[in-house]
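Notes for the one structure printed next.
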Amino acid sequence: MIRLFDALARDPALQLACLFAAIVASGWIILVRRAASRQRATAAAEEMRLTELLRAQNEMQGRIAAMAEVFGARQAETNQAINQRLDGLTQRLGQSISEQTRATHENLRRLQERLAVIDTAQTNIQSLAKDVVGLQAILANKQTRGAFGQGRMEAIVADGLPTGAYQFQAQLPNGVRPDCIIRMPNGQPPLVVDAKFPLEAWNAMGAAANAEASKLAAQQFRRDMEVHIRDIAEKYLLAGETQDTAFLFVPSESIFATIHESFEAIVQRAHRARIVIVSPSLLLLSIQVLQALLKDQRMREQAHVIQGEVIRLMEDLGRLDDRVRKLHGHFTSAQKDVDQILISTDKLVRRGARIGEMEFEAIAPQGPGQAQAPSAAAAERAVESRTGQLKLRVVDED
């Protein structure tokens with residue numbers, strides 16, 4: 001160090017260098033101290049910030065805990081509400097599924113019933129188709145077709161009239177046999193009913209391909225009907241043997257309607273020939289009218305029987321009236337006797353009451369100066385005499 005000081009003393013440049021080094025060292029120390037103070041200030045600020053961060057962290061943890069508790073409660077409530085809703089939804093779904101199942105079973109049952117009805121209808125349709133085929137086979141033949149029309153007419157007549165009021169295939173005085181005769185009331189001639197079925201011309205009109213064919217078929221139909229009308233008028237209208245009017249039975253409502261709509265000339269010709277064209281419904285109506293007439297005739301025939309029964313009924317009624325009047329007389333006499341008995345009992349009750357209300361006078365004792373008191377027998381006679389007078393007086397009052 002001595003040597004260093006000596007060297008510094010001898011060398012000014014070294015002194016300047018040392019001075020500069022000292023100044024630099026002093027500045028460095030000052031900078032170091034300032035940096036240290038800054039570090040200390042920064043550390044204190046960082047410590048304060050750390051403290052604040054810790055406090056904020058604690059507050060945040062408290063808030064997070066509170067929020068976690070709130071969220072937990074809300075989550076529990078939410079879970080409970082969700083569970084309740086799920087239970088309700090499950091119950092509703094179960095009820096809905098049960099209802100849907102029941103409705104499905106009901107629909108299936110109804111479907112089965114309808115299928116059974118459809119099967120039955122299909123069976124009926126098949127049988128009806130067979131019947132239609134058989135009917136076509138019947139109608140294709142004239143004889144079977146005539147038997148069909150006659151059978152339908154016979155069924156209507158047999159259902160509407162009593163046995164004995166009609167006869168099928170009866171022979172007339174001229175030897176012909178109409179399909180049916182109906183016996184009229186009051187000894188009138190019978191009514192003739194004959195069934196006709198002009199099917200060939202009718203089918204030809206329906207199957208006509210053009211106007212000309214339809215016209216020819218209509219002419220043929222008109223001729224067939226005119227032939228039937230003429231045959232009935234000539235064979236079955238017999239003066240004094242049958243009615244002057246006969247029925248031409250057409251066993252088809254459609255043919256009957258076509259005749260009256262499109263063949264007015266046939267209807268007029270039948271009227272002039274005193275032939276009435278009837279369908280099944282019109283024949284049934286006519287049979288009902290005849291049934292009423294026959295019923296009226298039977299009632300007229302049985303009128304004397306009814307009158308006899310009414311006379312006997314009136315006789316029985318007269319005897320019943322006499323017996324009722326005698327019984328009424330007996331009851332009246334008995335009632336009068338009972339009334340008289342009640343009057344007598346009322347009188348007895350009133351007399352008893354009056355006797356009970358009666359007061360008897362006591363006999364006063366005599367003094368020494370008076371006459372001697374009467375004996376007991378005399379007193380008893382006096383009482384009896386007074387009682388007898390009292391009784392007589394009461395009777396006179398009544």
Side-chain angles (χ1 to χ4, degrees), residues 1-136 206 209 253-254:
M1 292 294 293
I2 295 172
R3 289 178 180 176
L4 180 60
F5 285 140
D6 288 338
L8 289 171
R10 285 191 300 273
D11 190 0
L14 184 60
Q15 292 178 358
L16 291 172
C18 289
L19 181 60
F20 181 75
I23 293 170
V24 171
S26 299
W28 178 254
I29 292 171
I30 292 170
L31 290 176
V32 169
R33 288 179 178 177
R34 288 180 178 178
S37 61
R38 289 177 180 175
Q39 287 180 357
R40 286 194 299 272
T42 302
E46 291 293 334
E47 187 176 358
M48 291 177 65
R49 289 179 181 178
L50 182 61
T51 304
E52 292 178 356
L53 287 174
L54 291 174
R55 187 175 65 254
Q57 184 178 3
N58 292 328
E59 292 178 356
M60 184 65 68
Q61 288 178 355
R63 292 179 180 179
I64 290 172
M67 291 176 66
E69 185 178 358
V70 171
F71 286 158
R74 291 184 177 179
Q75 185 177 4
E77 293 177 357
T78 304
N79 291 332
Q80 185 178 1
I82 290 172
N83 291 328
Q84 291 177 357
R85 291 183 179 180
L86 286 175
D87 293 337
L89 181 60
T90 304
Q91 185 177 3
R92 288 194 297 272
L93 286 174
Q95 292 178 356
S96 178
I97 291 171
S98 300
E99 292 177 357
Q100 290 293 334
T101 304
R102 186 168 57 255
T104 302
H105 288 304
E106 184 66 21
N107 292 329
L108 288 175
R109 184 182 63 80
R110 292 179 180 177
L111 181 60
Q112 290 178 356
E113 291 178 356
R114 292 179 180 178
L115 289 175
V117 172
I118 291 172
D119 292 337
T120 304
Q122 186 177 3
T123 304
N124 294 331
I125 290 172
Q126 291 177 356
S127 61
L128 181 61
K130 293 180 181 178
D131 294 338
V132 170
V133 173
L135 180 61
Q136 289 178 352
E253 296 288 347
S254 58

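Since we're looking at a predicted model, the values are computed, not measured. Side chains included, hydrogens not; waters and symmetry mates left out as well; all remaining heavy atoms used.
Annotation: the span from R63 atom CZ to Q61 atom CD amounts to 12.5 Å, rounded to 0.5 Å. Considering CG of D119 and CD1 of I125, their distance stands at 11.0 Å, rounded to 0.5 Å. The CD atom of Q122 lies 10.0 Å from the OG1 atom of T120; values are rounded to the nearest 0.5 Å. Summarising the geometry, atom CG belonging to L86 is positioned 10.0 Å from atom CD belonging to Q84; distances are rounded to the nearest 0.5 Å. Expressed to the nearest 0.5 Å, how far CG of L108 lies from CG of L115 amounts to 10.0 Å. Between N58 atom CG and I64 atom CD1 the span is 11.0 Å, to the nearest 0.5 Å.
Residues satisfying the side-chain contact (heavy atoms from CB on, under 4.5 Å) criterion with R40, sequence neighbours excluded, are A36, S37. With sequence neighbours left out, the side-chain contact (heavy atoms from CB on, under 4.5 Å) criterion links Q75 to N79. With sequence neighbours excluded, no residue forms a side-chain contact (heavy atoms from CB on, under 4.5 Å) with L53. Looking at residues two or more places apart in sequence or on another chain, you find a side-chain contact (heavy atoms from CB on, under 4.5 Å) between L89 and R92, L93. Contacts of Q57 classified as side chain to side chain donor-acceptor pair (under 3.5 Å), with partners at least two apart in sequence or in another chain: none.
A side-chain hydrogen bond (donor to acceptor under 3.5 Å, both in side chains) check over residues 105-117, counting only residues at least two apart or in different chains, returns the pairs E106-R109, E106-R110, R109-E113.
Screening I29, I30, L31 against R33 for a side-chain contact (heavy atoms from CB on, under 4.5 Å) leaves a single residue, I29.
Atom CD of Q95 sits in a crowded spot, with more than 12 heavy atoms from other residues, nucleotides or ligands closer than 6.0 Å. The environment of E52 atom CD is dense: over 12 non-hydrogen atoms of other residues, nucleotides or ligands sit within 6.0 angstrom.
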